[in-house]
Amino acid sequence: MKITLPDNSSRELPEGSSGYDLAKDIGPGLAKSAIAVSIDGVQKDLHDVIEADASVSIITIDSDEGVEIMRHTLTAQVLARAIKNLYPKSKLAIGPTVQDGFYYDVESDESISSDDLSKIEEEMKKIIKTKSAITKKLVSKKEALKIFKSNKESYKEIIINESDQDDNFQLYYQDDEEFVDLCRGPHLPNLGFIGSFKLTKVSGAYWKGDSKNSMLTRIYGTAFGNDKDLQNHLDNIEEALKRDHRKLGKEMDLFHFQDEAPGMVFWHPNGWTVYRKLRNFVRDRLKENNYIEVNTPQVIDRKLWEASGHWDKYRENMFITEIDEEHANEKRVNALKPMNCPGHVQIYNQGIKSYKDLPLKYAEFGLCHRYEPSGTMHGLMRVRAFTQDDGHIFCTEDQIESETGLFIEFLSSIYADLGFKNFDIKLSTRPEMRVGSDETWNKAEAALEAAIKNLEYPYRIDEGDGAFYGPKLDFVLTDAIGREWQCGTFQLDFNLAERLDASYVGEDGKKHTPVMIHRAVLGSFERFIGILIENYAGKLPFWLSPQQVVVASIVSDVNDYSLEIVELLKKQGILAEADLRNEKISYKIREHSNRKVPIILAIGNNEKKDGTVSLRRIGSTETKVVKLKEAMKQITKENLILN
């Protein structure tokens with residue numbers, strides 16, 4: 001039996017050999033660290049037999065794949081068993097891995113809260129200490145149902161009954177065979193490979209994510225190969241909590257939410273100032289790059305959404321309204337727009353377009369509404385009403401590559417000015433639910449991939465994650481603490497313009513259908529402001545800050561000088577205010593620092609007499625005494641986006 005290794009070398013093994021046999025054949029060191037195997041790209045348990053000639057790689061515990069498998073074993077074999085040991089009447093549902101961790105959903109008559117996590121952790125450590133081997137048995141559907149019915153595991157029965165397979169259900173056991181779980185695998189060969197872990201939180205979750213089903217208890221955890229990596233991750237979680245935009249938004253008096261308008265932002269003056277500054281910044285860049293700003297209606301008849309394809313593919317996410325039109329026989333059905341693209345095609349369709357008019361670039365700060373389940377909303381990051389920095393480019397097929405390059409340059413410059421120097425690009429291909437023929441999709445995917453390849457930008461492919469009308473490039477930022485955020489998008493669409501009868505007269509005098517490119521840089525203003533707040537821990541760039549300078553008097557005798565400074569700053573376009581309250585200067589500094597005011601100018605009798613200010617920057621304990629003229633020069637320069 002010929003085995004091809006990742007370095008393209010090959011080995012001959014006898015029939016019936018397993019992944020472990022291959023690891024031993026390569027060397028004792030590899031056999032010692034091996035925990036699973038990949039056969040022709042499919043992960044398998046280490047002791048699974050390699051059935052025929054194949055490309056095989058050994059997965060070790062110190063690899064990313066190995067850590068992921070360790071987390072899988074930790075949730076399915078350790079956390080699940082600990083729950084059954086402590087709560088014998090509980091019923092196990094599912095226990096997958098998630099980014100950097102895992103969870104298990106259980107149904108329990110006894111309440112399980114965060115106060116119980118330390119107890120569950122201790123039970124898990126006892127289980128791990130046994131270093132039990134993990135063995136797999138393949139059973140029929142009938143036998144699997146019998147086992148889990150006997151164990152009163154009704155959720156496992158549902159999973160088995162809903163499965164398409166009739167045989168080879170994988171059941172995993174430990175040495176004493178007192179615990180069994182149904183799992184796709186693979187698992188560690190034994191519990192001795194488990195590294196460092198921590199249970200993090202408890203929440204509620206509906207079975208299958210459906211609010212009509214039972215509410216289960218979800219127990220989350222995280223795990224890494226060693227204590228150091230785990231502690232680094234826990235430190236990052238703690239740092240993320242400090243940066244939480246919901247917490248900082250309250251401290252900085254930026255926005256709030258309330259039950260009367262779920263998922264919709266109430267912007268306070270400070271928050272709206274940030275919003276307007278960001279919008280104006282983007283608007284100026286759009287003008288520089290030949291975009292034409294437009295605006296389209298909020299409420300549009302369902303007929304347009306049906307024509308565009310959104311009604312069939314997106315209706316469950318739309319807010320629907322019914323209106324009794326005067327003298328009409330039936331109610332008129334409308335929808336609050338969830339996106340701006342059909343409206344932009346209507347503007348394009350007004351008048352005849354020539355190939356000489358292309359590319360034609362429309363931009364809109366379009367307010368959109370999309371239904372999000374209440375359990376998925378998360379501050380500014382996921383809302384029901386949001387404004388996109390939306391844009392659509394109508395162009396010829398020959399212009400796709402150049403427009404792709406221009407957009408990436410445009411996006412790069414905006415991200416850089418906002419403090420994000422690097423980003424990753426994902427090419428997302430056709431999803432299962434889509435409009436258009438395979439021929440059209442083949443054409444669109446080939447065009448977009450050719451453009452990104454020819455421009456020599458690095459990218460990775462994300463199969464099946466394209467928009468329902470076309471493939472797309474997604475742009476993923478990494479923030480100050482290493483988290484990834486997908487923000488910008490560039491979506492190639494060969495479908496919508498044709499569906500809505502958009503055309504242009506080509507050089508040959510005939511009608512042609514334009515290519516439509518959907519693009520956004522920030523995504524939505526709400527979410528991007530949340531990302532900015534967390535990236536900067538509330539200490540926004542000076543030009544973007546809602547309150548840039550506070551002039552704080554130390555004694556009342558200098559109130560006039562303080563007000564004079566404020567007026568000078570305002571004349572230079574600086575958002576400045578005076579704090580003349582009869583409070584200690586230390587109290588004023590602490591209060592304004594908590595509000596993340598970038599610069600505090602403390603003014604006392606000496607400053608008034610000498611024409612100076614005591615300048616203190618946020619995050620610094622150092623105060624510098626400088627001439628007022630020099631302070632004004634510094635502050636005015638900092639108010640420029642590029643300085």
Side-chain angles (χ1 to χ4, degrees), residues 16 18-20 35-40 42-51 59 68-98 102-109 123-124 127 130 132-191 193-194 205-210 212-219:
S18 68
Y20 182 66
I35 56 102
V37 64
S38 176
I39 303 173
D40 289 334
V42 179
Q43 290 185 356
K44 299 281 190 178
D45 288 296
L46 185 63
H47 292 282
D48 280 359
V49 171
I50 304 169
E51 301 287 351
I59 300 172
E68 188 73 3
I69 290 168
M70 183 265 287
R71 290 173 180 146
H72 187 196
T73 299
L74 191 56
T75 186
Q77 283 290 311
V78 181
L79 174 55
R81 182 166 190 177
I83 292 166
K84 293 297 290 185
N85 289 352
L86 295 171
Y87 308 94
K89 294 182 180 179
S90 62
K91 295 179 181 180
L92 302 174
I94 58 170
T97 58
V98 290
F102 54 88
Y103 68 77
Y104 215 108
D105 286 347
V106 300
E107 182 184 281
S108 176
D109 292 338
E123 186 65 24
M124 292 172 70
I127 295 167
T130 67
S132 171
I134 298 171
T135 55
K136 177 172 67 178
K137 295 181 182 180
L138 300 179
V139 300
S140 66
K141 191 169 194 173
K142 182 178 178 181
E143 180 65 17
L145 285 169
K146 180 181 177 183
I147 290 169
F148 287 105
K149 186 173 183 179
S150 174
N151 291 347
K152 298 180 179 179
E153 293 289 1
S154 56
Y155 293 101
K156 301 297 182 184
E157 291 182 71
I158 293 171
I159 293 170
I160 296 166
N161 277 318
E162 292 181 349
S163 172
D164 292 332
Q165 69 190 78
D166 293 315
D167 210 353
N168 293 329
F169 284 85
Q170 297 188 155
L171 306 187
Y172 287 88
Y173 294 84
Q174 295 173 31
D175 283 339
D176 56 15
E177 296 200 355
E178 291 182 2
F179 175 79
V180 59
D181 196 24
L182 173 75
C183 194
R184 59 177 173 77
H187 278 306
L188 299 174
N190 66 71
L191 299 181
F193 282 101
I194 289 179
Y206 291 111
W207 169 239
K208 296 184 177 180
D210 189 336
K212 296 175 183 176
N213 292 334
S214 303
M215 172 66 77
L216 305 177
T217 299
R218 178 169 293 178
I219 302 171

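No experiment lies behind these values; they were computed from the predicted model shown.
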Could you walk me through whether Glu143 and Lys137 pass the side chain to side chain contact (heavy atoms under 4.5 Å, CB included) check? CA-CA 11 Å; Glu143 180 65 17; Lys137 295 181 182 180; over 6 Å; no
Knowing that exactly one of Leu188, Thr73, Leu46 qualifies, which makes a side-chain contact (heavy atoms from CB on, under 4.5 Å) with Ile35? Leu188
Would a 4.5 Å heavy-atom cut-off, applied to side chains only, mark [X] and [Y] as touching?
| X | Y | value |
| --- | --- | --- |
| Tyr155 | Leu216 | yes |
| Ile194 | Val78 | yes |
| Leu79 | Leu74 | no |
| Phe179 | Gln77 | yes |
| Phe148 | Leu171 | yes |
| Lys149 | Glu157 | yes |
| Ile94 | Trp207 | yes |
| Lys208 | Glu162 | yes |

To the nearest 0.5 Å, how far apart are [atom1] in [X] and [atom2] in [Y]?
| X | Y | atom1 | atom2 | value |
| --- | --- | --- | --- | --- |
| Met124 | Leu191 | CE | CG | 10.5 Å |
| Ser108 | Leu92 | OG | CG | 10.5 Å |
| Lys141 | Gln165 | NZ | CD | 8.0 Å |
| Phe193 | Met70 | CZ | CE | 11.5 Å |
| Ser18 | Ile39 | OG | CD1 | 9.0 Å |
| Thr135 | Tyr172 | OG1 | OH | 10.0 Å |

How close do [X] and [Y] get, counting heavy atoms only, and between which atoms?
| X | Y | result |
| --- | --- | --- |
| His72 | Cys183 | NE2-SG, 3.0 Å |
| Met215 | Ala205 | SD-N, 3.1 Å |
| Ser132 | Gln174 | OG-CB, 3.3 Å |
| Ile69 | Ala36 | CD1-CB, 3.6 Å |
| Tyr104 | Thr75 | CD1-O, 3.2 Å |
| Ile127 | Ala82 | CD1-N, 3.6 Å |

Would you say that more than 12 heavy atoms from the other residues, nucleotides or ligands in this model lie under 6.0 Å from the NZ of Lys44, or not? no
Is the shortest distance from a Lys or Arg side-chain nitrogen in [X] or [Y] to a carboxylate oxygen in the other one below 4.0 Å?
| X | Y | answer |
| --- | --- | --- |
| Asp109 | Lys89 | no |
| Lys84 | Glu153 | yes |
| Arg81 | Asp181 | no |

Sole candidate of Lys136, His187, Gln170 that passes side chain to side chain donor-acceptor pair (under 3.5 Å) when paired with Asp45: Lys136
Does Arg71 make a cation-pi contact with Phe102 (under 6.0 Å, within 45 degrees of the axis)? no
Evaluation steps, side chain to side chain contact (heavy atoms under 4.5 Å, CB included), between Asp175 and Thr130: CA-CA 9 Å; Asp175 283 339; Thr130 67; over 6 Å; no
